[in-house]
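When a ligand or atom number is given, it counts from 1 through the structure's own listing order.
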Amino acid sequence: MIILGIETSCDDTSIAIVKNGNEVLSNVVWNQNKTHEYYGGIVPELGARRHLQVINLVIKEAFEKASISFKDIDAVAVNNQKGLIRSLLVGVSAAKAISYSLNIPLIPVHHIEGHIYSNFLENEKLQFPHLCLTVSGGHNLLVLVNNHFEYEIIGNTLDDAAGEVLDKVARFLGLGFPGGPLIDKLSKSGNNKKYHFPRPMLEESNFDFSFSGLKTSLTRKVNELNTKEEEYKIEDIAASFQEAIVETLVEKTLKAAKIHQIKQISVVGGVSANSRLRELLKERTSKMDLDIFFPSLSLTTDNAAMIACLGYYKYKNHQLGNLDLEVHSNLDL
Ligand code: KG4
Ligand code: ZN
């Protein structure tokens, strides 16, 4: 069964073609970093227009890369549940047009659920139940994935998601956009113990996150260093700040796995690309009876392969939509 996936929730126009839920025939991502870079963050209206300009080209490229044609696809899956409303509308309109003209099923999927399924594309050993840390620019959750479509959210962010904070801090430091990969890269040549930033909510018994205060403590530190005219290396600031975020994510995740007696951890979403997060989690879990799973880097940030993968399981479970499909900017998982 071949599914065409469509993902246009934010600043990536992505089309993928996936066979039987795990064979990625193509996964084309057209990112809009150049469009938004100047503003230091995503401008929703510009994003939606850009999706509209490129989506047909991205569809064409996905078919070319997969070496198949429209008549070969069996269904179309689209993220219609979480993202910027006008951007979602572009993807959903394309999905409806394809479904209608080819007379094939339309499968609505949730963006975060798509991220959770990104690890099923490559990791046959990932089973149920597992604990999923889903961490990106728009969300920061700890989810017990008990079975297909059975989720228990045990931790959420009370304010900003980790990726959002990395993006905002990078903007404050004048590094560029998106901030996560830039801070990751810069941190490699910095001392992560040079400055101490708080590890928010680690003492709490729950699994919630709160990164907004951490952002304030960074701005205060940098302003203080500037006022005192103390010399500092931006690499040390970046590495110390990243370490605070990473340690908080790792500690909370491991604590949740222990308390819920989970043996497998899956980490997904844009921030799961972070090299220090991967390193620390691998290091910590190697000493424990825990398996850890990360998607390949190309499947961490927004992509349509994860949407098509989830679409496959939804199709098998008869969870289909129709041409009345609506878009939702913030539907719960
Ligand atoms: O999953 P995603 O593409 O979009 C959302 O669903 O939000 O994640 C984008 C986020 C951005 O905040 C970006 O800065 C962050 O993922 N990100 C990273 C890295 N690569 C992307 N954060 C830390 N380290 C990275 N290497
Ligand atoms: Zn995402």
Which protein heavy atom lies closest to [atom], and at what distance to 0.1 Å?
atom	value
atom 26 (N) of ligand 1	D184 OD2, 2.9 Å
atom 20 (N) of ligand 1	G270 O, 3.4 Å
atom 3 (O) of ligand 1	D302 N, 2.9 Å
atom 12 (O) of ligand 1	D167 OD2, 2.7 Å
atom 5 (C) of ligand 1	S136 OG, 3.2 Å
atom 9 (C) of ligand 1	G137 N, 3.9 Å

Treating [X] as the side-chain partner and [Y] as the backbone partner, does any N or O pair qualify as donor plus acceptor under 3.5 Å?
X	Y	result
T8	S87	yes
H110	L331	yes
S136	G269	no

inquiry  = Ignoring hydrogens and geometry beyond distance, is a side-chain donor-acceptor pair present between S14 and N303 at under 3.5 Å?
reply    =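 There is no such pair between these side chains.
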request  = Classify the side-chain pair S9/E7 by whether it contains a donor and acceptor separated by less than 3.5 Å.
outcome  =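 There is such a pair (donor and acceptor under 3.5 Å, judged by atom type) between the side chains of S9 and E7.
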task = Please check if the distance between the ring centroids of F241 and H196 is under 6.0 Å.
result =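 Centroid distance F241-H196: not below 6.0 Å, so no.
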query = Do F128 and H148 make the cut of ring centroids closer than 6.0 angstrom?
reply =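 F128 vs H148: aromatic centres under 6.0 Å.
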request  = Output, by chain and residue number, all protein N/O/S atoms separated from the Zn ion (ligand 2) by less than 2.8 Å.
outcome  =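 Atoms qualifying: H111 NE2, H115 NE2, D302 OD1.
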By number and element, which atoms of ligand 1 are closer than 4.0 Å to a non-hydrogen atom of [X]?
X	value
G180	14 (O), 18 (C), 19 (C), 22 (N), 23 (C), 24 (N), 25 (C)
N274	23 (C), 24 (N), 25 (C), 26 (N)
H115	1 (O), 6 (O)
A273	20 (N), 26 (N)

ask   = Which residues satisfy the side-chain hydrogen bond (donor to acceptor under 3.5 Å, both in side chains) test with S217, sequence neighbours excluded?
value =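 So S217 forms no side-chain hydrogen bond (donor to acceptor under 3.5 Å, both in side chains) with any residue.
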ask   = Looking at residues at least two apart in the chain, or sitting in another chain, which of them share a side-chain hydrogen bond (donor to acceptor under 3.5 Å, both in side chains) with Q242?
value =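 Once residues adjacent in sequence are excluded, the partners of Q242 under the side-chain hydrogen bond (donor to acceptor under 3.5 Å, both in side chains) criterion are N274.
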ask   = Which class fits the ring pair F177 and H36: parallel under 30°, tilted 30 to 60°, perpendicular over 60°?
value =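 Geometry flag for H36 against F177: perpendicular rings.
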task = Fit a plane to each ring of Y313 and F120, take the angle between them on a 0 to 90° scale, and name the class: parallel (under 30°), tilted (30 to 60°) or perpendicular (over 60°).
result =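 It falls in the tilted class, 30° to 60°.
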ask   = Is any N or O atom of G163, backbone or side chain, closer than 3.5 Å to an N or O atom of ligand 1?
value =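 Yes, there is a polar N/O contact under 3.5 Å.
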task = Output yes when the distance from some N or O of ligand 1 to some N or O of T301 is under 3.5 Å, and no in every other case.
result =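 Between T301 and ligand 1, no N or O pair is found under 3.5 Å apart.
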message = If we set the cut-off at 4.0 Å for heavy atoms, which region of L166 has an atom near ligand 1: side chain, backbone, both, or neither?
response =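 Contact part for L166 vs ligand 1: side chain (C-beta onward).
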ask   = So does K65 pair up with E61, basic N to acidic O under 4.0 Å?
value =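 Yes, this pair counts.
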inquiry  = Between E235 and K188 (salt bridge meaning N to carboxylate O under 4.0 Å), is one present in this structure?
reply    =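 Between K188 and E235 there is no salt bridge, as every charged N stays at least 4.0 Å from the carboxylate O atoms.
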Assess [X] for proximity to ligand 1: is some non-hydrogen atom of it under 4.0 Å away?
X	result
H111	yes
H139	yes
C10	no

query = Residues two or more places apart in sequence or in another chain: which of them pass salt bridge (Lys or Arg N to Asp or Glu O under 4.0 Å) with D12?
reply =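 Listed in chain order: nothing, the list is empty.
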